[in-house]
Protein chains: 2
Amino acid sequence: MPDIKHFDPEVALDQMVRLFWERGADVTGIAEVVQATGLSRSSLYATFGGKERLQAAALRRYLERCSRPVFDALAADGRGLPAIAGFFEQLVAARCAGERARWGCLVTNTHTSAAREVSEIRQVLDAHHAALRAAMRAALEAARDRGQVRPGLDLEAGAETLALLAYGVNLRSRAGARAADLLAGARAVLDGFTTTEER
Amino acid sequence: MPDIKHFDPEVALDQMVRLFWERGADVTGIAEVVQATGLSRSSLYATFGGKERLQAAALRRYLERCSRPVFDALAADGRGLPAIAGFFEQLVAARCAGERARWGCLVTNTHTSAAREVSEIRQVLDAHHAALRAAMRAALEAARDRGQVRPGLDLEAGAETLALLAYGVNLRSRAGARAADLLAGARAVLDGFTTTEER
DNA sequence: CTTATCTTGGACCGGTCGTTCCAGGATGGA
DNA sequence: TCCATCCTGGAACGACCGGTCCAAGATAAG
């Protein structure tokens, strides 16, 4: 029958994620995508559509491949507050050191992108927030069941707090914040959620 | 002697702040600045320099006119935790309602801009963070002196926490977060900082 | 009024933007 | 092998980008 694609769309998506994440989607031209993926404009447009669709597809893939696994692990981790502390330690380490230091988080970065008005992209932003908040909520519930949490803490509000904190960490890390500051900021929140006995 | 400027540079700056803030500096072209200010390219370049200089000047003006007064008021407010609570209530209200709803914060938005690498701009980002953190620190000290703060709270870390939280609020508000969620998130942090008696 | 100096409007520059298009190559069933 | 179908490379599109330039206008000291 017809010809078949000469490339793997998922591999191409991974390369686009990397590009949009490091450089910023708004300031990345199609020519750069062509160069990074090795594809031609034709293949790009035939497979994904225009630039907004490209950005949306890359964002979805980031959520599924980078965010979701971490969220799922956090939600499934039964240790309670130590799991949340570990989440932030891993986060700060990934944002401030290694190959992706100072890249921030693609979802966080997209919050300020012009494309945030596109409904396809806004939906991913909202889905990300809901998933992050749900994972935090699950970890807080485990903490409450283990008696680690101070009485009177609203778990829903606490989950929102931790999500907002993660956005703050991602944002500041892209501008070169020091890991120690970010870690101390996260620890102060968790200490405030802890029972006096456990603290 | 020579001719004199036919416009007020500060008024023009205010119009640029508004433009960059609402639309995003990266995706705003010089032509839009020309239209918004009513100036010609010549006057723009003669007065401010190229686009990065424009962006830096607008960012500095935002800090001085929008951020600094609020920070100063917070630092001077002796009420302690209620002052911080009031800060977040005002912040959420300004970000989620009124003329500038969903604009976020120009400084927060600039953290993900391509121009964050420009040293002139990075300096403003860092200055903003230092000022915000110092104001939070001052308010926390007042709270400690009034016995509102739980024993063992590291004020420096707590100030960083509150600053990160503010960035999170600004970021999420630009994507349309609900005011109630943001407020609840802020309140949970402050509750965690409060002594059991005051809570 | 003249003159020196600065500002202003707007044409213009090369380059890049996102997008479209088509000729030619590759594919696999008949 | 032939053919219908799809994919690919690359040229080309108009629009816009940030930046430069200069003639004409405005200004105020002499």
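Remember, it's a predicted structure, so these values are computed and weren't measured experimentally. Below, chains carry the letters A, B, ... as their sequence lines are ordered, and counting in each starts from 1.
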Inset, instruction - Could you state the atom-to-atom distance from NE2 of A/His6 to C1' of D/dG9 in whole Å? - result: 12 Å
Inset, instruction - May I have the distance from B/Lys5 (atom NZ) to C/dT5 (atom C1'), rounded to whole angstrom? - result: 13 Å
Legend entry - Nucleic acid contacts - residues 43-53 of chain A versus DNA chain C, non-hydrogen atoms under 4.0 Å: A/Tyr45, A/Gly50, A/Lys51
Inset, instruction - Let me know the distance between CD of A/Gln35 and P of C/dG18, rounded to the nearest Å. - result: 14 Å
Legend entry - B/Gln55 CD to D/dG18 P, straight-line distance once rounded to whole Å: 11 Å
Inset, instruction - Whole angstrom is fine here: how far is it from CG in A/Asp3 over to P in D/dC3? - result: 18 Å
Legend entry - Test log, rule salt bridge (Lys or Arg N to Asp or Glu O under 4.0 Å), inputs A/Arg172 and A/Asp181: CA-CA 10 Å; A/Arg172 282 293 304 163; A/Asp181 289 339; over 6 Å; no
Legend entry - Residues A/Arg133 and A/Glu156 bridged, charged N to O under 4.0 Å: yes
Legend entry - Gap between atoms CG and P, on A/Leu39 and D/dG10 respectively (whole Å): 13 Å
Inset, instruction - Verify the contact: side-chain N or O of A/Ser40 to OP1 or OP2 of D/dT8, cut-off strictly under 4.0 Å; return yes or no. - result: no
Legend entry - Aromatic ring proximity, centroids under 6.0 angstrom, B/Tyr167 and B/His111: yes
Inset, instruction - In sequence, state the C-alpha distance, the side-chain angles, and the governing distance for A/Gln15 and A/Val33, and then conclude on side chain to side chain contact (heavy atoms under 4.5 Å, CB included). - result: CA-CA 8 Å; A/Gln15 291 163 323; A/Val33 178; over 6 Å; no
Inset, instruction - Could you state the atom-to-atom distance from CD1 of A/Ile4 to C1' of C/dG25 in whole Å? - result: 16 Å
Inset, instruction - Mark yes or no for a side-chain to base donor-acceptor pair under 3.5 Å between A/Arg41 and D/dT8, with no hydrogen or angle criteria applied. - result: no
Legend entry - 5′-ward residue of the pair A/Ala31/A/Ser42 relative to DNA chain C: A/Ala31
Legend entry - Gap between atoms CG and P, on A/Asp26 and C/dC17 respectively (whole Å): 13 Å
Inset, instruction - Check whether any side-chain heavy atom of B/Thr161 lies under 4.5 Å from a side-chain heavy atom of B/Phe193, and answer yes or no. - result: yes
Inset, instruction - Report, as yes or no, whether the 6.0 Å neighbourhood of atom CZ on B/Arg53 holds more than 12 heavy atoms from other residues, nucleotides or ligands. - result: no
Inset, instruction - Decide if atom CD of A/Glu52 counts as having more than 12 heavy atoms of other residues, nucleotides or ligands within a radius under 6.0 Å. - result: no
